Amino acid sequence: MEQKNALIAMSGGVDSSVAAYLTKEAGFFCIGATMRLYEDPENTSDSTLDARQVSARLQIPFHVLDFQKEFRHCVMDAFVRDYENGLTPNPCVVCNRYMKFGCLLDAAKKLGCDHIVTGHYAQIVYDEQSGRWALKKAVDESKDQSYFLYGLSQEQLAHSLFPLGALTKSEVREIAATQDFLNARKKDSQDICFIPDGDYLSFMKRHTGKNYPAGDFLDLAGNVVGRHSGAVGYTLGQRKGLGIALGEPMYVCHKDVQKNTVTVGPDASLMHTQLLANDWFWHTIAQLDAPMRVNAKARSRMAEQPATVYPAENGFARVVFDEPQRALTPGQAVVLYDGDIVIGGGTITDVL
């Protein structure tokens, strides 16, 4: 029987450690690898040490792969560029597409591995009739990460394994404890990895050396109602940190980075039914040729909502929700589902 080889993306957390264990138990020859993506001496060294120790316990080789240059270009620079263009990007989607399943898959092939393995909570299915790979939600829907993985190509899906897709988080921690992994109770990371404090504007200033100027808050009638600290630092639907009092809760409902203005309004001003998106990745179909009924999700924490997706010109598609949705945001991903299966996803360009 031919030996199966797999490169395990090991972050130092419990999920990737259990993914490595399960892959080895399934008969693969495994190689552990931690991607060095950015300078964060304390956190990076601790995580790398944890990954190294788990690899040693599993008796598998371990590598540290330096992808700092690629990460800066593909993820950090793109993050800043999108914010400067008035968008609200999703760097985890970009990182998955270009780093975890791009650069890492290339490294796996060079190391003689047929597959890469990650600790993502999702499942990969193959449809014999269409000959296409698709994503399926994880069994543990509270941990499902299919939304962040929609941008994987057919080639990437064909060479990826998600051993945790059929497990719950509690089962994963139980396996880690049984194997006496040092990270069995390690806390899950929540924030964008390169902005752990959540202060996007400060990160952008450090990253670019620019000083983004203050500007005007406007109400829906265009009246100046306060001053903001730089339009690029705000997101649609944001309420906290605005520092203005108008007698009722106010939310960011529009920003114009060219004029450096941020428009605020009541919650009702955030409700819309239609969006336009491009850069689509289709899984269950090769392309969208006709309107299709779907369940659509336009934010990671949003429950899927009934909608119809229509093909548009130049590879765009228009998603029309049955009911108005809150804070549909250009730059974010919209992912379409048929039950537990991901039909495809794209990047929101306009809210109509």
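What you see is a predicted model, and the numbers here were worked out from it, not measured in a lab.
The NE2 atom of H272 sits 12.0 Å away from atom CZ of R326, with the distance rounded to the nearest 0.5 Å. In this structure, M76 CE and C95 SG are separated by 10.0 Å, a value rounded to the nearest 0.5 Å. Of the inter-residue distances, the one linking T284 atom OG1 with I343 atom CD1 reads 5.0 Å to the nearest 0.5 angstrom. Atoms CG and CE, on L105 and M99 in that order, are 12.5 Å from each other to the nearest 0.5 Å. Put simply, CG on L37 and CZ on F67 are 8.5 Å apart, with the number rounded to the nearest 0.5 Å.
In the hydrophobic cluster analysis, where Ile, Leu, Val, Met, Phe, Trp and Tyr join through side-chain heavy atoms closer than 4.5 angstrom, V342 is grouped apart from V334. Both L149 and I192 belong to a common hydrophobic cluster when Ile, Leu, Val, Met, Phe, Trp and Tyr are linked at side-chain heavy-atom distances under 4.5 angstrom. Under the 4.5 Å side-chain contact rule for hydrophobic residues, I348 and V93 do not share a cluster. Following chains of ILVMFWY side-chain contacts shorter than 4.5 Å, one can reach L157 starting from I116, so the two form part of one hydrophobic cluster. One hydrophobic cluster, built from ILVMFWY side chains closer than 4.5 Å, cannot hold both V64 and L111; they sit in different ones.
A tilted orientation is assigned to the rings of F203 and F194, their planes being inclined by 30° to 60°. In this structure, H120 and F101 have tilted ring planes: the angle between them lies in the 30° to 60° band.
For the pair D15 and K143, the salt-bridge criterion is not met [side-chain N within less than 4.0 Å of a carboxylate O]. A salt bridge links K137 to E304: at least one charged side-chain nitrogen sits closer than 4.0 Å to a carboxylate oxygen. With respect to the salt-bridge test (charged N to carboxylate O, under 4.0 angstrom), the residues D216 and R227 qualify. Salt bridge absent: K136 and D338 never bring a charged side-chain N and a carboxylate O closer than 4.0 Å.
Screening residues 133-161 for ring-ring contact (aromatic ring centres under 6.0 Å, His included) gives Y126-W133 as the qualifying pairs, with residues at least two apart or on separate chains. Pairs passing the ring-ring contact (aromatic ring centres under 6.0 Å, His included) check and including a residue from residues 213-262, sequence neighbours excluded, read F217-H228, F217-Y234, H228-Y234.
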Just distance, no hydrogens or angles: give the donor-acceptor pairs under 3.5 Å from side chains in residues 286-298, sequence neighbours left out.
| residue | atom | partner | partner atom | Å |
| --- | --- | --- | --- | --- |
| Q287 | NE2 | D289 | OD1 | 2.9 |
| R293 | NH1 | A307 | O | 3.4 |
| R293 | NH1 | T308 | OG1 | 2.8 |
| R293 | NH1 | D322 | OD1 | 3.0 |
| R293 | NH2 | D322 | OD2 | 2.8 |
| K297 | NZ | S300 | O | 3.3 |

Using a 3.5 Å cut-off and no angle test, enumerate the donor-acceptor pairs between side-chain atoms of residues 204-215 and protein atoms at least two apart in sequence or in another chain.
| residue | atom | partner | partner atom | Å |
| --- | --- | --- | --- | --- |
| H207 | NE2 | D77 | OD1 | 2.7 |
| T208 | OG1 | M204 | O | 2.7 |
| T208 | OG1 | K210 | N | 3.0 |
| K210 | NZ | E84 | OE1 | 3.4 |
| K210 | NZ | E84 | OE2 | 2.9 |
| Y212 | OH | E84 | OE2 | 2.5 |

Under 3.5 Å donor-acceptor pairs involving side-chain atoms of residues 19-33, not counting sequence neighbours:
| residue | atom | partner | partner atom | Å |
| --- | --- | --- | --- | --- |
| Y21 | OH | Q179 | NE2 | 3.2 |
| T23 | OG1 | A19 | O | 2.7 |
| K24 | NZ | L58 | O | 2.4 |

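Taking the ring centre of Y310 as origin, the terminal cationic atom of R318 falls inside the region bounded by 6.0 Å and 45° from the ring axis.
Between V319 and the choices L328, V309, L352, the side-chain contact (heavy atoms from CB on, under 4.5 Å) rule is met once, by V309.
V125 shares a hydrophobic cluster with I341; the chain of contacts runs through ILVMFWY side chains whose heavy atoms sit under 4.5 Å apart.
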With side-chain hydrogen bond (donor to acceptor under 3.5 Å, both in side chains) as the criterion, how do D50 and S47 come out once you've worked through the C-alpha distance, each side chain's angles and the decisive distance to 0.1 Å? CA-CA 5 Å; D50 289 349; S47 298; 5.7 Å; no
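Atom CD of E174 has 12 or fewer neighbouring heavy atoms from other residues, nucleotides or ligands inside a 6.0 Å radius.
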